[in-house]
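Predicted, not measured: the structure shown is a model, and the values here were computed from it. Chain letters run A, B, ... following the sequence lines, proteins first and then strands; every chain starts at 1.
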Protein chains: 2
Amino acid sequence: MTERISDAEHAVMEVLWKRAPLTATEVADQVVQQKDWSLQTVKTLLSRLAAKAVVGTERDGRRFLYSPLVERDDYLTGVSRNFVDRLFGGKVMPLVAHLAEADELSADDIREIEELLRELKK
Amino acid sequence: MTERISDAEHAVMEVLWKRAPLTATEVADQVVQQKDWSLQTVKTLLSRLAAKAVVGTERDGRRFLYSPLVERDDYLTGVSRNFVDRLFGGKVMPLVAHLAEADELSADDIREIEELLRELKK
DNA sequence: ACAATGAAACTACAGATGTAGTCACTGACG
DNA sequence: CGTCAGTGACTACATCTGTAGTTTCATTGT
């Protein structure tokens, strides 16, 4: 049921998740610092997101204010589960194991994660 | 530099990663148990993968034998890094934290990961 | 030698995606 | 009051993806 968000759209969402509501121009100003896109491109992405009801629009005089309609957390949960399911058979352990073996985990990372897990077991 | 592999193509790759080389028909036989695709669809996917040099072809008389040219591990590393970079700022901890908060981690999962980390620190 | 079979090659086609351009309208400015 | 700049709406268009169908060629059994 969760609407699909493409990579390009995701960059726009990140801006809105950081602060909202924003006008299209404000969003574009932020996005352009990351991606080399034109204002029109950002507007198109906002329209598509609005069409999918992933962002909401609120009229403000001549322009619109855009706000996310889905929580970043919910989105992350969805894509994370999907990712782990597709690539690691739904188990997180193999993912962590893989990252570790690929040297994507520093000693500090490991310490941080251990502490986090200790907290969780409270 | 790592060639993009689409979702559908990935399903085909999983079969080849399990066993290779295989003929197109053999691959399709496996894939069809998971996805409800026609033989032609699987052949198309194999062709696209071959065009991208993600699988290699070896003539065997009248037909071809297909084998993966990229290691599953390398592929996983690439997509995992990309995933963690895009969604969690490149840090694994927030990912684990997120999964934990979203109740995607069972107590068993946590124990397993802890043990894994302990091993790693050796 | 010929017809049926099976496999690769080529073609198809709609929907999603990335990346804009252009049009029309409206309020602000001179 | 006429012009311009900002804004949303609509249009564009090449690729990529998912999902096949059709054509062609070689092989194999009769």
Exercise for the section: Flag yes if more than 12 heavy atoms outside B:Lys52 fall under 6.0 Å of its NZ atom; otherwise flag no. Expected result: yes

Exercise for the section: Could you tell me whether the phosphate oxygens of D:dT7, OP1 or OP2, come under 4.0 Å of any side-chain nitrogen or oxygen in A:Thr23? Expected result: no

Practice task
May I ask you to say what B:Thr41 touches in the nucleic acid, namely base, sugar-phosphate or nothing, with a heavy-atom cut-off under 4.0 Å?
Solution key: base

Exercise for the section: Provide, to the nearest angstrom, the distance between the CZ atom belonging to A:Arg59 and the C1' atom belonging to C:dG27. Expected result: 13 Å

Exercise for the section: Using the closest heavy atom to pick a nucleotide of DNA chain C for each, name whichever of A:Ile5 or B:Lys43 lands nearer the 5' end. Expected result: B:Lys43

Practice task
State plainly whether the residues A:Glu114 and B:Arg118 are in salt-bridge range, i.e. N to O under 4.0 Å.
Solution key: no

Practice task
Nearest whole angstrom, please: distance from the P of C:dA8 to the CG of B:Leu22.
Solution key: 12 Å

Problem - Nearest-Å distance for atom pair CZ/P, residues A:Arg63 and C:dA28 - result: 11 Å

Completion exercise
Of the listed C:dA8, D:dG18, C:dG21, the closest approach to the B:Asp7 side chain comes from D:dG18

Fill in the blank from the handout: To the nearest angstrom, the NE2-P distance between A:His10 and C:dT17 comes to 14 Å

Handout entry: D:dA5 phosphate, OP1 or OP2, under 4.0 Å from A:Arg62 side-chain N/O
Key = no

Exercise for the section: Determine whether the side chains of A:Thr77 and A:Asp74 contain a donor N or O and an acceptor N or O closer than 3.5 Å. Expected result: no

Practice task
May I ask you to verify whether the side chain of B:Arg4 and the base of C:dT17 hold a donor-acceptor pair under 3.5 Å?
Solution key: no

Handout entry: Phosphate OP1/OP2 of D:dG18 contacted by B:Ser6 side-chain N/O (<4.0 Å)
Key = yes

Exercise for the section: Give a yes/no on whether any side-chain N or O of A:Ser47 is located under 4.0 angstrom from OP1 or OP2 of D:dA9. Expected result: no

Handout entry: Closest to side chain of A:Trp37, choosing from C:dA20, D:dT17, C:dA8
Key = C:dA20

Exercise for the section: Figure out the CG/C1' separation between B:Leu39 and D:dA20, and round it to whole Å. Expected result: 11 Å

Completion exercise
Quick note, B:Gln40 side chain, CB onward, closest among C:dA7, D:dG21, D:dT19 is D:dG21

Handout entry: Whole angstrom value for the distance that separates C1' of D:dT7 from CG of A:Asp29
Key = 14 Å

Problem - Nucleotide D:dT7, atom C1' - distance to CG of A:Leu65 in whole Å - result: 12 Å

Fill in the blank from the handout: Testing C:dA7, D:dA20, D:dG8 for proximity to the side chain of B:Ser38, the answer is D:dA20

Exercise for the section: Indicate whether any N or O donor in one side chain lies under 3.5 Å from an N or O acceptor in the other, for A:Ser38 and A:Thr41. Expected result: yes

Problem - Under 3.5 Å donor-acceptor, A:Trp17 side chain and A:Val70 backbone - result: yes

Problem - Carboxylate-amine/guanidinium contact A:Glu26 A:Arg19, below 4.0 Å - result: no

Exercise for the section: Have a look at A:Asp60 and say if it touches a base, only the backbone sugar-phosphate, or nothing, with a 4.0 Å heavy-atom cut-off. Expected result: nothing

Practice task
Report the distance from atom NZ of A:Lys35 to atom P of C:dT17, rounded to the nearest whole Å.
Solution key: 15 Å

Practice task
Hey, which sits more toward the 5' end of DNA chain D by its nearest nucleotide, A:Phe64 or A:Arg48?
Solution key: A:Phe64

Handout entry: From D:dT19, D:dA20, C:dA20, nucleotide with atom closest to A:Thr44 side chain
Key = C:dA20

